[in-house]
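Quick notes on the structure that follows.
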Protein chains: 2
Amino acid sequence: MNLKTAKLADVAKAAGVSTSLVSLVLSGKGSNRCSEETEARIKAAALELGYRANRLARSLKEQQTRTIGLLSIEVATSPYAGELLMAAQRSARSHDYDLFFVEVENNAKSIGEALELMAEHQVVGVLIAAFFHHEIELPERLPSNLVFANCFGSRGDYPTYVPAETASFMQSLKMLGISGHQNVAVIMEELPWPAAVARTETFKQAAQQFEWVDSARRMHFYADVNSNQGYEAAMKIMLEDPSVTAIACYNDRVAMGVYQALNELRISIPSQVSVVAFDDLELISGGLRPGLTTVRLPHYQMGREAVERLIRICEERDEETQKLVEIRGELVVRDSVSVPRPATESPFEASFSAPLQEKEEK
Amino acid sequence: MNLKTAKLADVAKAAGVSTSLVSLVLSGKGSNRCSEETEARIKAAALELGYRANRLARSLKEQQTRTIGLLSIEVATSPYAGELLMAAQRSARSHDYDLFFVEVENNAKSIGEALELMAEHQVVGVLIAAFFHHEIELPERLPSNLVFANCFGSRGDYPTYVPAETASFMQSLKMLGISGHQNVAVIMEELPWPAAVARTETFKQAAQQFEWVDSARRMHFYADVNSNQGYEAAMKIMLEDPSVTAIACYNDRVAMGVYQALNELRISIPSQVSVVAFDDLELISGGLRPGLTTVRLPHYQMGREAVERLIRICEERDEETQKLVEIRGELVVRDSVSVPRPATESPFEASFSAPLQEKEEK
DNA sequence: TCACATCAATCAAACGTTTGACCAGCTAAA
DNA sequence: TTTAGCTGGTCAAACGTTTGATTGATGTGA
């Protein structure tokens with residue numbers, strides 16, 4: 001493996017045959033073109049010398065690679081970015097494709113340069129992936145074999161795999177609805193990300209469907225809600241509107257703030273107030289107590305399906321006509337939802353002494 | 001950019017010159033080998049046709065690529081995996097290198113296959129990166145240009161960039177020490193990960209240095225402490241040993257459980273009990289209230305420095321002799337540490353009504 | 001006028017692989 | 001005896017690029 005690895009000619013010399021035959025035998029295309037004895041000799045020589053084909057030469061000759069470009073937009077801004085990436089990598093490998101990875105910022109110029117670079121490397125197709133669902137500014141020239149995952153292009157009509165925001169969030173909300181909640185508040189992102197727009201709309205639908213009380217008044221918007229505004233929002237909600245029995249959160253991060261507010265207010269989850277969210281960042285949703293009932297963003301599925309579609313396209317056996325594929329996230333039920341407390345009961349009654357006593361007993 | 005891009009011969013024909021000259025001009029090596037007029041004509045033709053060099057052919061001819069292999073071990077198990085990856089990618093690009101990405105499980109066989117694959121792609125060097133600090137099982141054959149980031153190999157003596165566990169964690173502990181804390185408990189991982197072993201030792205050193213009381217008794221070990229045991233640990237600590245004024249946590253995730261326990265126990269942070277941790281997962285450390293004072297794992301620096309070292313090695317201009325490089329994480333001071341409460345004061349006095357009243361005033 | 005430099009450009013080989021065309025020797029059917 | 005087919009291989013061209021060697025002008029100094 002060091003510096004120079006053996007080449008076809010070395011194996012051929014060692015086995016006393018031509019390079020052609022070695023190539024044929026090693027690629028399996030030369031069945032019945034040589035004797036078993038020679039075949040064995042060639043294979044032994046290849047093994048002995050640790051021969052590995054030079055993919056550069058092979059691809060040059062064959063006029064195509066088995067490499068796909070993964071163009072990742074601002075990977076680091078999100079935790080769990082890895083999951084889409086991992087899914088893409090594994091799917092590619094399982095089809096014997098390799099991954100050429102470039103990460104850039106979300107602007108047409110950087111993306112254009114990255115695409116040119118990939119073209120130079122003769123990738124057969126490109127997957128553009130982002131780590132939160134948004135629009136990507138595309139340059140003029142685009143490869144024909146292009147698929148989007150967790151984002152969508154500003155131009156063109158390419159296969160696009162995104163989370164089914166509406167259907168997914170609806171699962172969370174339905175959980176509240178069928179549990180009997182009527183007084184549901186929602187803490188939503190105000191900036192017009194696709195996720196925010198869709199989830200807001202979903203809340204309206206759910207409110208109508210389940211006949212939630214005062215739902216219009218109970219929608220609370222914050223710009224850049226990720227920056228810790230869940231706490232303030234929940235404080236405001238519970239203090240100004242104590243009849244609320246459930247809070248739906250834009251995402252897990254918001255829910256984390258909500259938990260802290262409810263904790264401080266001595267409102268117990270879920271017996272006094274139920275909480276649902278979106279994302280399922282295990283670090284949060286599994287780390288909170290009680291565990292957060294939330295919808296898992298389908299990062300893995302988006303990565304896998306986008307790559308498989310891309311490969312089908314590259315191999316010209318894509319029969320799907322649908323461009324936009326929305327993937328529904330799975331509802332992960334933990335312990336943050338229960339039936340609503342009786343309508344007459346104040347939320348400010350959650351006894352805190354209970355867990356304390358439990359512990360003190362022993 | 002579609003399917004077939006123009007090649008040297010096309011540009012040559014368009015400009016009415018030989019391919020040699022086009023190559024020379026476009027690579028800048030042909031200064032004063034042709035007239036300015038011809039040079040302009042060639043460049044115009046190249047632009048017109050959207051010519052992009054075929055890197056396969058170039059690398060084959062030049063007998064070397066500018067591609068480095070990034071072998072990532074189990075990327076998805078950690079959030080913020082992206083940061084190391086991003087750092088590696090950006091550093092590589094800034095030196096005009098590209099990244100060939102493979103992600104595998106931590107076993108010698110998978111890693112061996114990935115390395116062979118990279119060798120086939122003629123990478124000039126390999127960076128093996130993991131997303132938590134541990135040992136990597138290596139196969140027999142290893143490339144000569146190999147560097148480790150956030151992990152280390154079971155064999156061989158390769159440049160290795162890891163977090164300075166001791167020096168970093170000591171920053172957190174020193175923060176407690178110089179604030180005057182004497183009764184410090186620690187919640188530590190029991191499994192013998194390098195991080196756990198080193199951080200345990202660091203705690204012992206700090207305890208000795210600052211003359212912490214009963215420190216041996218105040219070390220609490222949990223196997224797989226990431227699975228939410230911070231809560232139970234903190235409960236146990238505060239109920240059995242209420243004189244504790246500060247809790248040092250193995251990592252942010254543990255601190256998250258500690259916060260929840262202290263919240264339930266009505267112990268306020270930091271006025272009654274201070275908390276420090278390790279990792280600085282912004283999702284947690286920035287999302288908790290009050291913000292968690294913790295040490296940032298130097299993912300970005302490890303990625304960057306490892307790649308730059310690797311490139312120096314590949315270009316045979318590496319003058320460093322040191323193999324193991326420990327990178328110190330930065331202490332991120334937020335609001336979870338204060339001076340210890342008076343020795344006579346019980347921790348169970350944090351008034352919860354205060355923030356409630358504040359809010360009710362308006 | 002000759003030798004020699006310089007300029008502007010071309011030639012041709014090579015990188016490692018793949019693969020259709022070819023070939024020599026043998027057997028079996030026509 | 002010819003023909004055809006099989007067995008067990010080899011030959012040589014090609015993929016797109018780079019680059020040392022070469023070349024044919026033109027200019028220049030002795």
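So you know, we letter chains A, B, ... as the sequences are listed, proteins then strands, and number each from 1.
Comparing C:dT19, D:dG16, D:dT19 by their closest approach to the side chain of B:K29 singles out D:dT19. In the set C:dT18, C:dC11, C:dG16, the nucleotide with an atom closest to the side chain of B:S20 is C:dC11. Checking C:dC15, D:dT18, D:dC15 against the side-chain heavy atoms of B:Q63 singles out C:dC15 as nearest.
C:dT18 atom P lies 13 Å from atom CD of A:Q64, rounded to whole Å. Between B:R52 atom CZ and D:dG16 atom C1' there is a gap of 16 Å when expressed in whole angstrom units. The CG atom of A:L26 sits 13 Å away from the C1' atom of C:dT18 (whole-angstrom rounding). Protein atom OH of B:Y51 is 10 Å distant from nucleotide atom C1' of D:dT18, rounded to whole Å. Going from atom CG of A:L49 over to atom P of C:dG16 covers 14 Å, rounded to whole Å. The CD atom of B:Q122 sits 8 Å away from the P atom of C:dT17 (whole-angstrom rounding). Rounded to whole Å, atom C1' of D:dT7 lies 12 Å from atom CG of A:L21. Rounded to whole Å, the distance from NE2 on A:H121 to P on D:dG16 is 17 Å.
The residue among B:R41 and B:E62 whose nearest nucleotide of DNA chain C lies closer to the 5′ end is B:R41. Along DNA chain C, the nucleotide nearest to B:T19 and the one nearest to B:K61 differ in position, and the one closer to the 5' end is contacted by B:T19.
Among the protein residues, A:T38 comes within range of the sugar-phosphate backbone only, with heavy atoms under 4.0 Å from sugar or phosphate atoms but none that close to a base. No contact: B:L56 has no heavy atom under 4.0 Å from any strand. Within the nucleic acid shown, A:S35 comes within 4.0 Å of sugar-phosphate atoms alone, with no base atom in reach, counting heavy atoms only.
For DNA chain D, the residues of residues 7-18 of chain A within the heavy-atom distance limit of 4.0 Å (strictly under) are A:V17, A:S18, sorted by number.
Computed from C1' positions of five pairs at each end, the angle between the two local axes of the helix from C:dT1-D:dA30 to C:dA30-D:dT1 equals 70°, rounded to 10 degrees.
Remark: the A:R33 side chain and the D:dT10 base include a donor-acceptor N/O pair separated by less than 3.5 Å.
Taking B:F152 as the reference, B:H133 meet the ring pair (Phe, Tyr, Trp, His ring centres under 6.0 Å) condition, with sequence neighbours excluded. In this structure A:A88 satisfies the side-chain contact (heavy atoms from CB on, under 4.5 Å) test together with A:L70, A:L127, A:V307, sequence neighbours excluded.
Environment of CD in B:E315: crowded, with over 12 heavy atoms of neighbouring residues, nucleotides or ligands closer than 6.0 Å. Within a 6.0 Å sphere centred on NZ of A:K323, heavy atoms belonging to other residues, nucleotides or ligands number more than 12.
With respect to the salt-bridge test (charged N to carboxylate O, under 4.0 angstrom), the residues A:E116 and A:R141 qualify. Ion pair A:R296/A:E83 flagged as a salt bridge, since at least one NZ, NE, NH1 or NH2 atom sits closer than 4.0 Å to an Asp/Glu carboxylate oxygen.
Rounding to the nearest 0.5 Å places CE of B:M118 at 12.0 Å from CZ of A:R55.
Residue pairs that meet the side chain to side chain donor-acceptor pair (under 3.5 Å) test with at least one member in residues 7-27 of chain B, sequence neighbours left out, do not exist here. Residue pairs satisfying the salt bridge (Lys or Arg N to Asp or Glu O under 4.0 Å) criterion with at least one member in residues 302-313 of chain A, sequence neighbours excluded, are listed as follows: A:R309-A:D318, A:R309-A:E320, A:R312-A:D318, A:R312-A:E320.
Screening A:V123, A:V124, A:D98 for a side-chain contact (heavy atoms from CB on, under 4.5 Å) with A:I68, the sole residue that qualifies is A:V124.
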